[in-house]
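Okay, so here's the structure we're looking at.
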Amino acid sequence: MANTTQTPEGLFDIDGLLTDEEREIRSVIRKYVEKRIKPDVADWFEQGEIPAKELALELGDLGVLGMHLEGYGCAGVGAVAYGLACLELEAGDSGIRSLVSVQGSLAMKAIHAFGSEEQKQQWLPRMATGEVLGCFGLTEPDFGSNPAGMRTRAKRDGSDWVLDGTKMWITNGNIADVAVIWARTDEGIRGFIVPTNSPGFQANLVHRKLSLRASVTSEIVLDNVRLPSDAVLPGVSSLRGPLTCLNEARFGILFGALGAARDSLETAIRYGMERVQFDHPIAAYQLTQKKYADMTVEYGKGLLLALHLGRLKEAGTIRPEQVSIGKFNSVKQALAIARECRSILGANGVTLEYPVMRHMSNLESVYTYEGTHEMHTLVIGEALTGIQAYRV
Ligand code: TGC
Ligand code: FAD
């Protein structure tokens, strides 16, 4: 047996493609995840409960909430550094990366991109520290992949706005202090900053999830919620608003999902080196090594694609369909890797003693949210043909 082993990342010499700052950020988040998330996350997952408020403050201290945004207490780091942070967080659990995505790339991004100066000053600094938690309400019970059909409505009443409708599957809905809600108005689709203690705002926990259990998911009911005129985001009045935020969050996912893949792969390699059957470690058998090789090559290719997309984003040239390519590839491959790793762990793989099946089950949600795998397939198809197959 060779006396040296390499990690999947080492095999691809990924470090040589990163700056000192990117490696440093990755290392800080990796240590946090090892110390704070990994020891407890299986229990949070099992119980379906997560100390989200506490974690938000810690993640704020670490500087990851809105870390890719400029000003207002945000670090303004590059896209690759942000992506690597998502990857490390998702190596802990997709639910932790979700917490950060929803706060930074959805709720904060909406205010940062489309809010007034007063709205930015009022909300962003406290969201960056984790003192104020946000959620993002786009999806509705009858409008998931097609948010353009939304029924939630905001009407003017004098200088006030009045909101009515239901949002579904909203991450952090029950624990958020503020919700960014997208609603139909006479002027198009607009975003509203809704304090969750507003009369008529109600969040109902989604129970019995089999995926993303270390994350709060809610239905939000808006019943005659009255808001002042300055609750509306002035910068956008079409679906371009939420879709712009989704581009940011999808970018985090195209790195993040690879974290779940890496953790699964490292676990399966460690396990295979120790688990003896027929007098040899199962890692010594060629069938197992083929699995390791196939998965590592896909993981490395995914990471190289993510880095390429990150550099395009830093150059300001990335297009939405390129983000779709990244989300499409990373989540598909991560899910396949987690499933294959589960097989290497045998029966042990179906328990929470190991992270692999937890990652696998989380990735089912990741496959569906932020645009389903099928929708990203069709966005890529549209880019190639000019035909919107999702409307045919
Ligand atoms: P369409 O008519 O093409 O465009 C409407 C307006 O939006 C603009 N636009 C975009 N802007 C920014 N980024 C993009 N990717 C954009 N795509 C389109 C477009 O220019 C237009 O602007 P304007 O100003 O001219 O009006 O829109 P459509 O209705 O045909 O969209 C089709 C499609 C498939 C792209 C869209 O419906 C879609 O992406 N569907 C998927 C829905 C989705 O991803 N939902 C996610 C909800 S949030 C979530 O899941 C959070 S999970 C929690 C976590 O992250 O942890
Ligand atoms: P549907 O749109 O009903 O799709 C069902 C199936 O039909 C899918 O396979 C889909 O790909 C396919 N399909 C739909 N239309 C077409 C078509 N034209 N052509 C081919 N196939 C099609 N939303 C938020 O707004 N905020 C959040 O914070 C949030 N958090 C979430 C957290 C979790 C854990 C989950 C699971 C979801 C979350 N979502 C959130 C919602 C998520 O974005 C939606 O579930 C997703 O957009 C898909 O919508 P849907 O579930 O209604 O499925």
Side-chain angles (χ1 to χ4, degrees), residues 48 86 89-90 93-107 109-110 113-114 133-150 152 165-176 179-183 187-191 203 205-206 209-220 235-254 256-257 318-324 327-328 331 361-383 387-392:
C86 289
L89 292 166
E90 199 148 354
D93 192 270
S94 301
I96 308 299
R97 197 268 308 132
S98 260
L99 179 71
V100 169
S101 291
V102 169
Q103 179 82 347
S105 289
L106 294 179
K109 172 71 185 181
F114 304 114
L133 210 51
C135 68
F136 183 90
L138 178 64
T139 305
E140 300 189 356
D142 294 331
F143 296 95
S145 295
N146 181 24
M150 70 173 69
T152 297
T166 304
K167 296 291 177 181
M168 192 58 199
W169 306 111
I170 307 306
T171 301
N172 292 346
N174 276 76
I175 52 171
V180 172
I181 298 288
W182 297 96
E187 305 142 22
I189 289 172
R190 305 204 66 179
L205 211 52
V206 173
K209 278 184 302 175
L210 293 172
S211 172
L212 227 74
R213 291 182 54 75
S215 175
V216 172
T217 313
S218 314
E219 174 196 51
I220 289 178
V236 73
S237 55
S238 84
L239 211 53
R240 184 172 64 82
L243 292 181
T244 299
C245 305
L246 290 182
N247 285 337
E248 292 287 306
R250 290 165 178 173
F251 176 80
I253 288 174
L254 70 87
I318 196 166
R319 300 189 299 276
E321 61 269 26
Q322 294 174 323
V323 177
S324 286
K327 202 249 178 194
F328 171 100
V331 182
S361 115
N362 284 337
L363 286 165
E364 291 291 345
S365 284
V366 182
Y367 196 77
T368 285
Y369 68 32
E370 295 284 3
T372 65
H373 188 72
E374 294 78 9
M375 292 315 292
H376 290 293
T377 307
L378 298 178
V379 167
I380 297 167
E382 180 184 354
I387 301 168
Q388 292 189 328
Y390 46 86
R391 297 207 183 283
V392 177

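These values consider heavy atoms only, across backbone and side chains, with no hydrogens, waters or symmetry-generated copies. All ligand and atom numbering here is 1-based and tracks the order in the structure.
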Do any non-hydrogen protein atoms sit less than 4.0 Å from [atom]?
{"atom": "atom 20 (O) of ligand 1", "result": "no"}
{"atom": "atom 3 (O) of ligand 2", "result": "no"}
{"atom": "atom 2 (O) of ligand 1", "result": "no"}
{"atom": "atom 6 (C) of ligand 2", "result": "no"}
{"atom": "atom 28 (O) of ligand 2", "result": "yes"}
{"atom": "atom 38 (C) of ligand 2", "result": "yes"}
{"atom": "atom 48 (C) of ligand 2", "result": "yes"}

Is the closest heavy atom of [X] to ligand 1 under 4.0 Å?
{"X": "Thr372", "value": "no"}
{"X": "Pro147", "value": "yes"}
{"X": "Pro242", "value": "no"}

Protein residue, atom and distance nearest to [atom], heavy-atom basis:
{"atom": "atom 47 (C) of ligand 1", "result": "Thr139 OG1, 3.6 Å"}
{"atom": "atom 45 (N) of ligand 1", "result": "Leu246 CD1, 3.8 Å"}
{"atom": "atom 23 (P) of ligand 1", "result": "Ser238 OG, 3.5 Å"}
{"atom": "atom 9 (N) of ligand 1", "result": "Leu243 CD1, 3.7 Å"}
{"atom": "atom 40 (N) of ligand 1", "result": "Ser145 O, 2.9 Å"}
{"atom": "atom 29 (O) of ligand 1", "result": "Arg391 NH2, 3.1 Å"}
{"atom": "atom 50 (P) of ligand 2", "result": "Gly144 CA, 3.9 Å"}
{"atom": "atom 22 (C) of ligand 2", "result": "Met375 SD, 4.4 Å"}
{"atom": "atom 20 (C) of ligand 2", "result": "Leu378 CD1, 3.8 Å"}
{"atom": "atom 1 (P) of ligand 2", "result": "Ser145 OG, 3.8 Å"}
{"atom": "atom 56 (O) of ligand 1", "result": "Ser98 OG, 2.5 Å"}
{"atom": "atom 18 (N) of ligand 2", "result": "Tyr390 O, 3.1 Å"}
{"atom": "atom 21 (N) of ligand 2", "result": "Glu374 CB, 4.2 Å"}
{"atom": "atom 27 (O) of ligand 1", "result": "Leu239 CD2, 4.0 Å"}
{"atom": "atom 35 (C) of ligand 2", "result": "Tyr369 CD2, 3.9 Å"}
{"atom": "atom 26 (N) of ligand 2", "result": "Phe136 O, 2.9 Å"}

At under 4.0 Å between heavy atoms, is it the side chain or the backbone of [X] that contacts ligand 2, or both, or neither?
{"X": "Thr368", "answer": "both"}
{"X": "Thr372", "answer": "side chain"}
{"X": "Thr139", "answer": "both"}
{"X": "Ser365", "answer": "side chain"}

- Message: Geometry only, no angles: is Leu138 polar-contacting ligand 2 at N/O separations under 3.5 Å?
- Response: yes
- Give yes or no for whether the N/O distance cutoff of 3.5 Å, strictly under, is met between Thr171 and ligand 2. yes
Applying a heavy-atom cut-off of 4.0 Å, say which part of [X] lies close to ligand 1: side chain, backbone, both or neither.
{"X": "Glu382", "result": "neither"}
{"X": "Val323", "result": "neither"}
{"X": "Tyr390", "result": "side chain"}

Under 4.0 Å from a heavy atom of [X]: give me the atoms of ligand 1 that qualify, with their elements.
{"X": "Ala148", "value": "29 (O)"}
{"X": "Leu106", "value": "51 (C)"}
{"X": "Val102", "value": "53 (C), 54 (C), 56 (O)"}
{"X": "Thr171", "value": "53 (C)"}
{"X": "Gly144", "value": "42 (C)"}
{"X": "Arg97", "value": "56 (O)"}

- Item | Residue Leu212 vicinity, atoms of ligand 2 by number, heavy atom under 4.0 Å | 34 (C)
- For Ile170, the ligand 2 atoms whose distance to one of its heavy atoms is below 4.0 Å: 24 (C), 25 (O), 26 (N), 27 (C), 28 (O)
- Decide yes or no for Asp93 and Ser215: does some side-chain heavy atom of the first lie under 4.5 Å from some side-chain heavy atom of the second? no
- Please tell me if the side chains of Arg250 and His376 come closer than 4.5 Å, counting only heavy atoms from C-beta onward. yes
With respect to [atom], which of [options] exhibits the smallest heavy-atom separation?
{"atom": "atom 8 (C) of ligand 1", "options": "Arg240, Arg250, Glu374", "answer": "Arg240"}
{"atom": "atom 31 (C) of ligand 2", "options": "Trp169, Trp182, Phe143", "answer": "Trp169"}
{"atom": "atom 54 (C) of ligand 1", "options": "Met375, Gln388, Glu370, Glu321", "answer": "Glu370"}
{"atom": "atom 13 (N) of ligand 1", "options": "Ile170, Asn247, Ile253", "answer": "Asn247"}

Going by atom types only, do [X] and [Y] share a side-chain donor-acceptor pair under 3.5 Å?
{"X": "Thr166", "Y": "Glu219", "value": "no"}
{"X": "Ser98", "Y": "Tyr369", "value": "yes"}
{"X": "Arg97", "Y": "Ser101", "value": "yes"}
{"X": "Glu374", "Y": "Tyr390", "value": "no"}
{"X": "Lys209", "Y": "Thr217", "value": "yes"}
{"X": "Asn362", "Y": "Ser211", "value": "no"}

- Item | Sub-4.0 Å heavy-atom contact, Asn146 with ligand 2 | no
- Query: Which word best sums up how the rings of Trp182 and Phe114 line up, parallel for under 30°, tilted for 30 to 60°, or perpendicular for over 60°?
  - Reply: perpendicular
